[in-house]
Trainee: 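Below is a structure I'd like to ask you about.
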Amino acid sequence: MTIVMNEEPRRKVVEAAGARLGGGNFGIIAGPCTVEGREMILETARVVADGGATMLRGGAYKPRTSPHSFQGLGVEGLRLLQEAKEQTGLPVVTELLDVRDAGHVAEVADVVQIGARNMQSYALLTEAGRTGIPVLLKRGLSATLEELLMAAEYVLKEGNPNVILCERGIRTFETAYRFTLDLLAVPALKSMTNLPVIVDPSHAAGRRDWVEPMSLAAAAAGADGVIVEVHPDPDSALCDGKQSLALDRFAGYSERVRQVAQLAGGAVPAAL
Ligand code: PEP
Ligand code: MN
């Protein structure tokens with residue numbers, strides 16, 4: 001296996017529109033699963049910016065299990081994310097689902113997300129690499145860490161060194177929660193690569209009351225950040241409402257997660 005990512009022994013710091021993630025910079029990426037409309041994304045962006053978020057997340061193109069579910073607002077969703085960025089200064093993280101949308105996504109995204117279902121879509125990874133924009137790469141539902149790292153290599157190979165790896169839960173025999181959050185992936189990946197590693201507790205838990213404990217655990221495990229779903233009215237969300245935090249919970253959540261990250265920081269070696 002050829003690994004180019006380990007040539008640099010220091011921990012990688014990924015910079016996106018002024019925000020830094022990795023190498024001691026703990027990031028909180030927050031926002032709705034999906035951009036549903038103007039008011040909801042602007043309100044969410046304002047609240048998470050005030051509550052200490054580092055970046056704003058929001059899908060304009062959604063990978064839905066059913067083709068009959070809401071697929072996202074597309075270009076209009078991207079335009080609304082741009083407006084949210086202008087109002088708050090938060091860098092935008094949004095998913096690239098299809099190589100044909102790369103141009104539109106690259107105009108707005110400060111970080112391009114590649115979703116779990118596309119972790120091994122090699123043409124998409126190559127295209128994401130070619131945008132030159134930092135890439136947030138989610139672990140596939142049944143992918144090993146080696147497969148995740150090889151997927152990251154597709155981006156790096158295009159001369160794009162800015163990849164953030166994300167553990168978001170994997171498929172196991174357990175059905176009591178949406179996915180099994182594999183927190184050992186955090187120290188394991190950090191021993192294998194210098195890339196930042198973040199955790200998505202929302203998609204693993206599938207339930208909002210389990211999101212904070214798993215976020216605290218991720219911070220304690222040495223993660224470089226979390227990506228978390230929040231919504232102004234979770235019960236009426238078009239996508240992933242059950243796992244979304246309400247806006248009034250966000251500031252307290254963010255403060256507690258940062259406290260644990262600070263406590264854990266000293267335990268993570270600065271070099272590999
Ligand atoms: C998401 O971030 O909303 C998402 C669809 O995540 P994943 O690809 O991890 O399922
Ligand atoms: Mn989601």
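Atoms within a ligand are numbered from 1 in the order they appear, just like the ligands themselves. All values below come from the heavy atoms of this structure, side chains included, with hydrogens, waters and symmetry mates left out. Keep in mind it's a predicted model, so treat the numbers as computed, not measured.
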Trainee: Does Lys62, backbone or side chain, put an N or O under 3.5 Å from an N or O of ligand 1?
Mentor: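 N/O-N/O distance under 3.5 Å: yes.
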Trainee: Taking Thr54 for its side chain and Ile28 for its backbone only, find out whether a donor-acceptor pair lies under 3.5 Å.
Mentor: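 Yes, Thr54 side chain to Ile28 backbone: donor-acceptor pair under 3.5 Å.
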Trainee: Tell me whether ligand 1 is touched by Gly59 - counting only heavy atoms on the residue side and a distance under 4.0 Å.
Mentor: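 Distance cut 4.0 Å: Gly59 fails for ligand 1.
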Trainee: Any nitrogen or oxygen of Ala116 lying under 3.5 Å from a nitrogen or oxygen in ligand 1? Just yes or no.
Mentor: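 Yes: some nitrogen or oxygen of Ala116 is under 3.5 Å from one in ligand 1.
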Trainee: Among protein heavy atoms, which sits nearest to atom 2 (O) of ligand 1, and what does the distance come to when rounded to 0.1 Å?
Mentor: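 Looking at atom 2 (O) of ligand 1, the protein heavy atom closest to it is Arg57 NH1, 2.8 Å.
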Trainee: Applying the salt bridge (Lys or Arg N to Asp or Glu O under 4.0 Å) criterion to Glu229, which one of Arg57, Arg168, Arg249 satisfies it?
Mentor: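 One option only clears the test, and that one is Arg57.
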Trainee: Do NZ/NE/NH1/NH2 and the carboxylate oxygens of Arg79 and Glu76 come within less than 4.0 Å?
Mentor: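 Counted as a salt bridge, because a side-chain N and a carboxylate O are separated by less than 4.0 Å.
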Trainee: Less than 3.5 Å between some nitrogen or oxygen of Asp240 and one of ligand 1, yes or no?
Mentor: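 For ligand 1, there is no N or O atom that lies under 3.5 Å from one belonging to Asp240.
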Trainee: Tyr61 and side-chain contact (heavy atoms from CB on, under 4.5 Å): which single residue from Thr34, Val35, Val105, Thr94 fits?
Mentor: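 Of all the options given, the one that passes is Val105.
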Trainee: Just to confirm my output: which protein heavy-atom neighbour is closest to atom 9 (O) of ligand 1, and how far is it?
Mentor: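 The closest heavy atom on the protein side is Arg168 NE, 2.6 Å.
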Trainee: Measuring from the Mn ion (ligand 2), name the closest N, O or S atom belonging to Asp240.
Mentor: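 Closest N, O or S atom of Asp240 to the Mn ion (ligand 2): OD2.
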Trainee: Knowing that exactly one of Val111, Val155, Val14 qualifies, which makes a side-chain contact (heavy atoms from CB on, under 4.5 Å) with Val135?
Mentor: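 Answer to the side-chain contact (heavy atoms from CB on, under 4.5 Å) test with Val135 among Val111, Val155, Val14: Val155.
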Trainee: So for ligand 1, is His203 a polar contact partner (N or O within less than 3.5 Å, distance only)?
Mentor: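 Among all N and O atoms of His203, at least one is under 3.5 Å from an N or O of ligand 1.
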